[in-house]
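Below, chains carry the letters A, B, ... as their sequence lines are ordered, and counting in each starts from 1.
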Amino acid sequence: MSQPAGAAGSVPDRSWFERPVLDVAADLLGSHLTHRTPEGTVTLRLTEVEAYGGADDPGSHAARGVTVRNRSMALAGGHLYAYRHLGLHTCLNVVTGPVGEPSAVLLRGAEVVDGSGLALARRTERGVVREERDLARGPARLAVALGAGVDHDGTDLLDAAEGLELRVSPDRGSGAWTSGGEVRRGPRVGVSGAGGDGALFPWRLWLADEPTVSAYRAVSSRRR
DNA sequence: GGTACGATTGTCT
DNA sequence: GACAATCGTACCT
């Protein structure tokens, strides 16, 4: 398959991922994530992410240290941390920081810029897709559209043989967007516990005016 | 060994 | 707007 003209961005190196998690999160917005499989290729443009730190972040999986589930968070930056939530859904994270310092960026929303037919087919298998913007709006939907699951946990994005490739948006300058919408910041979605009110950790980042950004939902109090 | 709960989503009212 | 689905992990006894 030939590279489309004007293919967005460049492939970052390891040091790009080993920066502070908030810096990486901000720079991931607008970046393109491609997954090549035998059935086809899907490329996403990331529009919404959330940053999660280590022991200092009470909302993070790593708040109580590295465990079997979150061990991928402590890998070198540039790896993928994928986990199953509620036994139903898969959520994808890009690991940041150096080895042994768990932190990651949760991919919450994206626009399908290539392979929308394949993404739609994958999503339709799991339910009804009402609008095209819903293809990858929400972390679990994003994972389905991309064709990634928990078996991609620990995958290295810098290893081309894995079929996953990240390209940083060419619009990214030194920390500020010049086009394509501005970066907004707010409390993280659905995080319960000490980090739930978002006052201390407004680490959800998204691009303003993007229809693929998921709606904010406060922590719901549900009976069991 | 047992139990509570979660970085969600889809459906029903 | 509210709730059920569903299961692996963490924590407690």
Under the salt bridge (Lys or Arg N to Asp or Glu O under 4.0 Å) rule, collect the residues that match up with Glu50(A), sequence neighbours excluded.
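So Glu50(A) forms a salt bridge (Lys or Arg N to Asp or Glu O under 4.0 Å) with Arg108(A).
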Do Tyr81(A) and Val144(A) belong to the same hydrophobic cluster, where Ile, Leu, Val, Met, Phe, Trp and Tyr are linked whenever their side-chain heavy atoms lie under 4.5 Å apart, directly or via other members?
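Result: no, two separate clusters.
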Hydrophobic cluster identity match, Val189(A) and Trp206(A), side-chain contacts under 4.5 Å:
no
Nucleotides 8-12 of chain C: which of its N/O atoms have a protein N/O under 3.5 Å away?
| unit_1 | atom_1 | unit_2 | atom_2 | d |
| --- | --- | --- | --- | --- |
| dA10(C) | OP1 | Thr67(A) | OG1 | 2.3 |
| dC11(C) | OP1 | Arg64(A) | NE | 3.3 |

Using a 3.5 Å limit for the pairing distances, which stems of at least 3 consecutive Watson-Crick or G-U wobble pairs does DNA chain B take part in?
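B:1-6 with C:7-12, B:8-12 with C:1-5 - these are the stems of 3 or more pairs that involve DNA chain B.
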What protein N or O atoms touch nucleotides 10-13 of chain B N or O atoms at under 3.5 angstrom, if any, and at what distances?
| unit_1 | atom_1 | unit_2 | atom_2 | d |
| --- | --- | --- | --- | --- |
| dG10(B) | OP2 | Arg141(A) | NE | 3.0 |
| dG10(B) | OP2 | Arg141(A) | NH2 | 2.5 |
| dG10(B) | O6 | Arg217(A) | NH2 | 3.2 |

Quick one, which residues of residues 96-108 of chain A touch DNA chain B with a heavy atom under 4.0 Å?
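Under 4.0 Å from DNA chain B: Leu106(A), Arg108(A).
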Are [X] and [Y] ion-paired here, with the side-chain N under 4.0 Å from a carboxylate O?
X: Arg45(A); Y: Glu210(A); value: yes
X: Arg123(A); Y: Asp134(A); value: no
X: Glu48(A); Y: Arg204(A); value: yes

Nearest-neighbour nucleotide for the Ala140(A) side chain, dA7(B), dA5(C), dT8(B) considered:
dT8(B)
Taking the minimum atom-to-atom distance to the side chain of Tyr52(A), which one of dA7(B), dG6(B), dT9(B) wins?
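Among dA7(B), dG6(B), dT9(B), the one nearest the side chain of Tyr52(A) is dA7(B).
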Do the side chains of Leu92(A) and Tyr83(A) get nearer than 4.5 Å, heavy atoms only?
no
Taking side chain as C-beta onward, heavy atoms only, is Arg122(A) less than 4.5 Å from Val42(A)?
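Yes; the side chains approach each other to less than 4.5 Å.
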Under 3.5 Å, is there any donor-acceptor pair linking the side chain of His85(A) to the base of dA7(B)?
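No such pair is found, so the answer is no.
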Taking salt bridge (charged side-chain N to carboxylate O under 4.0 Å, His left out) as the cut-off, I'd like each qualifying pair that reaches into residues 60-80 of chain A, sequence neighbours left out, listed once.
none
